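First up is the structure itself, then whatever we jot down about it.
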Amino acid sequence: MNKFVYMFDEGNGNQKELLGGKGANLAEMTRIGLPVPYGFTISTEACNAYYDTGKAIPAEIETQVLKALKNLEQKTGKRLGDSSNPLLVSVRSGAVHSMPGMMDTILNLGMNDETVVGMAELTNNARFAYDSYRRFIQMFSDVVLKVDSFYFEQLLEEVRDEKGYRSDPEMSAEDWQEVIQGYKKIVQKHARRVFPENPLEQLYLSISAVFDSWNNQRAVVYRRLQKIPGHLGTAVNIQSMVFGNMGNDSGTGVAFTRNPSTGEAKLYGEYLINAQGEDVVAGIRTPQPIVTLQNEMPEVYQQFVETCNLLEQHYQDMQDIEFTVESGKLFILQTRTGKRTAQAAIRIAVELMKDNIISKEEAILRVDPDQLNQLLHRRIDDSFKRTALAKGLPASPGAATGKVVFDADDAERIAKEEQKVILVRPETTPDDIHGIVAAEATVTSRGGMTSHAAVVARGMGKACICGCEALNIDIALKQFKVGDTVVKEGDIITIDGSTGEIFLGETPMIEPQLSDEFQLLLTWADDIRKLGVRANADNPEDAKKAIEFGASGIGLCRTEHMFMDATRIPIVQEMILADTFEDRETALSKLLPMQQEDFEGIFEVMQGHPVTIRLLDPPLHEFLPDKDELLVEVTKLQLTEPNSKKLLDKEQLLRKVRQLHEFNPMLGHRGCRLGMSYPEIYVMQAKAIFYAIAKVTAKGIDVKPEIMIPLVGHVNELKQMRQLVIHAGEQVKEEIGIKLDYLIGTMIEVPRAALTADEIAEEADFFSFGTNDLTQTTFGYSRDDAEGKFLQAYIENKVLPENPFASLDQQGVGKLVQTGVQLGRATKPNLKTGICGEHGGEKNSIQFCHNVGLDYVSCSPYRVPLARLAAAQATLENEQKQPINVLQT
Ligand code: ADP
Ligand code: MG
Ligand code: MG
């Protein structure tokens, strides 16, 4: 017989796969002697068995549940359904990876018309007993019978208003009885059945519902976002209840052992007196900060602080802890590795290392490179005079500007039109998750720092403000008011999630900087990593950023951006329109000093670090006006100014545009094919580089240029272009009589180049894998068409595991990269190799680059810190030096 059910004292913290994260940690906390209400866990294997039998609880599991229940009854001295001393339990979902709020939990199970009387007598607190009962009906009906909570909330509000109460604690036992009668009618009406009074029936229905909730929409969306596989299943925890709603010496709360927003090593949390379970996070009442518990319940507070320290030491990481105080006695209901912002992740990892709790290597592995993006975002300029419209709780840092929307669906729809939106809600629920994803930031008027919106936003690295009570939101009118100011849907606001401030309109922003802890962590990473990290930079400003963020060179300097400049484009067009070689030379000679200046600027910033310069790559028509627009212009001129010089010029331009039109520009006349047709363009660029070397070297600055020929598919292309560049070099050398030190290499970005890399290496000093184009040419996709039309469906339908333009396709494109490296090195063992596609800044691709032995990755300057960290992680994960602590989620 398979074992499907485990009492809390049978398991431990390493059994996450089997017991789910929550179950494993409940077992672990029981094992180390913490005050955890007793219970048992039905395993994830049972969940899969449930689905295998077509969503029915197999008899075998039922038997084991009954046995565990007996055990629990013995241990607690209470019985399920016993009217004189009833056992009440919670039924809690718990998957392998924590998915806060995504699945369902039911509290107070075992309540019915009889046990509620027993509870009232036993506790001598009828108010409490009936409150617990109505909560149970509401939760059970929502989760199991699929009756929307809204109906219950509505009724409750009516009763409350009718009695003239402002909040729930004012309700008496009789009031709750009245509510319960109403609740049962709601169930009858909307679920078309009577509310089940039999506790065992309640239990089995709840277990099934929790298993079912594994596949509810929000859980599925969350898993897709977090890349959690769907086959894992959820465990179900059955746990005897403790009551935070027993009176004013009771309460419930959540706390983080360190600040999840900043990482500060200080207990951080919230609680509510006389409340149960989700009340704290639901945002119905705004909770108290944890420090005030010190005054209200000093002994409980002391014990709680000690427990927090113990849990953090035990798990060696910041913990997110749920607790309940029942009549002055503390119970711990959950612990898990706390979700945190990137800023907090870094600070916590560095401080845990400094406290000798974890090693340097472990500290490096603790920070997820994907998360770092949020740190490298812009924030509101310090010089901005802050006059906030309103201020809420700073729930997740970062600044954002966008149009106000009041509904998750609107947020998604408007964001799809490439407009930035800020979602403003009284509170959010897990059903709003798609809106939070789509929005730049979320603002709520209710709820605390641990409310749903706050937790989800922090997890996604998005800015968030919660509990901004000054906002008077009217969802129906799609507007909010602060005093006399009305902000309507579509109005622009800016929010600062680090301070909780909301501003009207846009504010000036400034560039990000690295914190001291971040710098330190990165120097640890630099000591470990084998892979070099360069940046893609086309101008001195980007080059400066690259150096500031720790790049060791430029892996890709695109020269075409230098041509796009408003003052240059007319000269570039002149060059393109030239009918004779001489005319073209004249235009090019005007461009040369401009290019030279660009290169000088970059070389000076780079101070002897290598700079890979790619010669002109895009097809020439990209520098000319759009054909259709031009046609309209010409037609107009023919009517208004016939025979004018202007018309003649435009007509000539149009002819050229038509002539340069390509059927398939991506595969057209571009890259080295341009250099082959118009060698004078590449000669001009090469000379500009050489003159720049001379000029900058004369200032005593070291220069290491690497000239890169794009889009080579056959060795003969590279051979000719190499000769061209060398020849230009010799001319410059002769002219100014200095020694020129440079490399010539190529981009490997078409499959044929990778497959014949041994031949190509004969002519190349280095290879740089241009994985954007290599992905296009390997798949035969044009990126814009693919991403715009079918790629999303491919990913959703699992035709492709991921977007190959975001994360390198290791089986296909990766195989070409690997082949290219091997063949190239067979010809030239010391061939320098790198990658300069966007993949150079993505952690899994970086790991791949490490594994195939590239010398460096190159990415956007803003991703350099991420790449440094990911490169170190790749080294550590390969060496398996540091087995990852199994207790971590
Ligand atoms: P989630 O996974 O969404 O956090 P939980 O299973 O932790 O859901 O439960 C929801 C709420 O109910 C939490 O606040 C939790 O502390 C509370 N709760 C769960 N079980 C019990 C129990 N046995 N006694 C008292 N409160 C409980
Ligand atoms: Mg919980
Ligand atoms: Mg390319």
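The model shown is predicted, which means the values in this text are computed figures rather than measured ones. Every number for a ligand or one of its atoms is a count from 1 in the order of the listing.
In this structure, atom 19 (C) of ligand 1 lies nearest to the protein heavy atom Arg92 NE, 3.2 Å. Here the protein heavy atom with the shortest distance to atom 11 (C) of ligand 1 is Glu278 OE1, 3.6 Å. Atom 13 (C) of ligand 1 has its closest protein heavy atom at Glu322 OE1, 3.2 Å. Protein heavy atom in closest approach to atom 3 (O) of ligand 1: Gly101 N, 3.5 Å.
Within ligand 1, the atoms closer than 4.0 Å to a non-hydrogen atom of Ser240 are 23 (N), numbered from 1 in the order shown. Shown in contact with Thr105 at under 4.0 Å from a heavy atom are these atoms of ligand 1, numbered in order with element: 5 (P), 6 (O), 8 (O), 9 (O), 10 (C). Listed by number with element, the atoms of ligand 1 under 4.0 angstrom from any heavy atom of Gly277 are 11 (C), 12 (O), 14 (O), 17 (C). Residue Leu333 has at least one heavy-atom neighbour below 4.0 Å for each of these atoms of ligand 1: 16 (O), 21 (C), 22 (C), 24 (N), 25 (C), 26 (N), 27 (C).
Ion pair Arg31/Glu10 not flagged as a salt bridge, since none of the NZ, NE, NH1 or NH2 atoms sits closer than 4.0 Å to an Asp/Glu carboxylate oxygen.
Residue Leu203 forms a side-chain contact (heavy atoms from CB on, under 4.5 Å) with just one option from Ile106, Val91, Leu66, and that option is Val91.
In this model, a donor atom of one side chain and an acceptor atom of the other lie less than 3.5 Å apart for Gln319 and Thr335. With 3.5 Å as the limit, one finds no donor-acceptor pair spanning the side chains of Ser250 and Asn274. Side-chain polar atoms of Glu306 and Gln302 form a donor-acceptor pair below 3.5 angstrom. With hydrogens and angles left out, the side-chain atoms of Glu153 and Gln138 include a donor and acceptor closer than 3.5 Å. There is a side-chain donor-acceptor pair under 3.5 Å between Thr257 and Glu312.
At a heavy-atom distance under 4.0 Å, atoms from both the backbone and the side chain of Met241 approach ligand 1. Here Leu107 has side-chain heavy atoms under 4.0 Å from ligand 1, and that is the only part of it that gets that close. Contacts between Gln276 and ligand 1, counted as non-hydrogen atom pairs separated by less than 4.0 Å, are absent for every part of the residue. Contact annotation: for Gln334 versus ligand 1, heavy atoms closer than 4.0 Å belong to the side chain alone.
The structure places CE of Met119 at 7.0 Å from NZ of Lys78, a figure rounded to the nearest 0.5 Å.
When you scan the N, O or S atoms of Glu322 for the one nearest the Mg ion (ligand 2), you land on OE2.
Taking the six-membered ring where the residue is Trp, Phe211 and Tyr50 present tilted rings, their angle falling between 30° and 60°. In this pair, Tyr133 and Phe195 present their aromatic rings perpendicular. The plane angle is above 60°, beyond the 30 to 60° band. The aromatic rings of Phe256 and Tyr268 are tilted relative to each other, their planes meeting at an angle between 30° and 60°.
In this structure, Gly39 has no heavy atom closer than 4.0 Å to ligand 1. Taking a 4.0 Å cut-off on heavy atoms, Lys22 registers as neighbouring ligand 1.
By the 3.5 Å distance cut-off applied to N or O atoms, Val242 is counted among the residues near ligand 1. Residue-to-ligand polar distances place Ser90 within reach of ligand 1: an N/O pair is separated by less than 3.5 Å. At under 3.5 Å, not a single nitrogen or oxygen of Thr324, backbone or side chain, sits near a nitrogen or oxygen of ligand 1.
Taking the six-membered ring for Trp and the full ring otherwise, Phe128 and Phe243 have centroids separated by under 6.0 Å.
Contact annotation: Thr105 places no N, O or S atom under 2.8 Å from the Mg ion (ligand 2).
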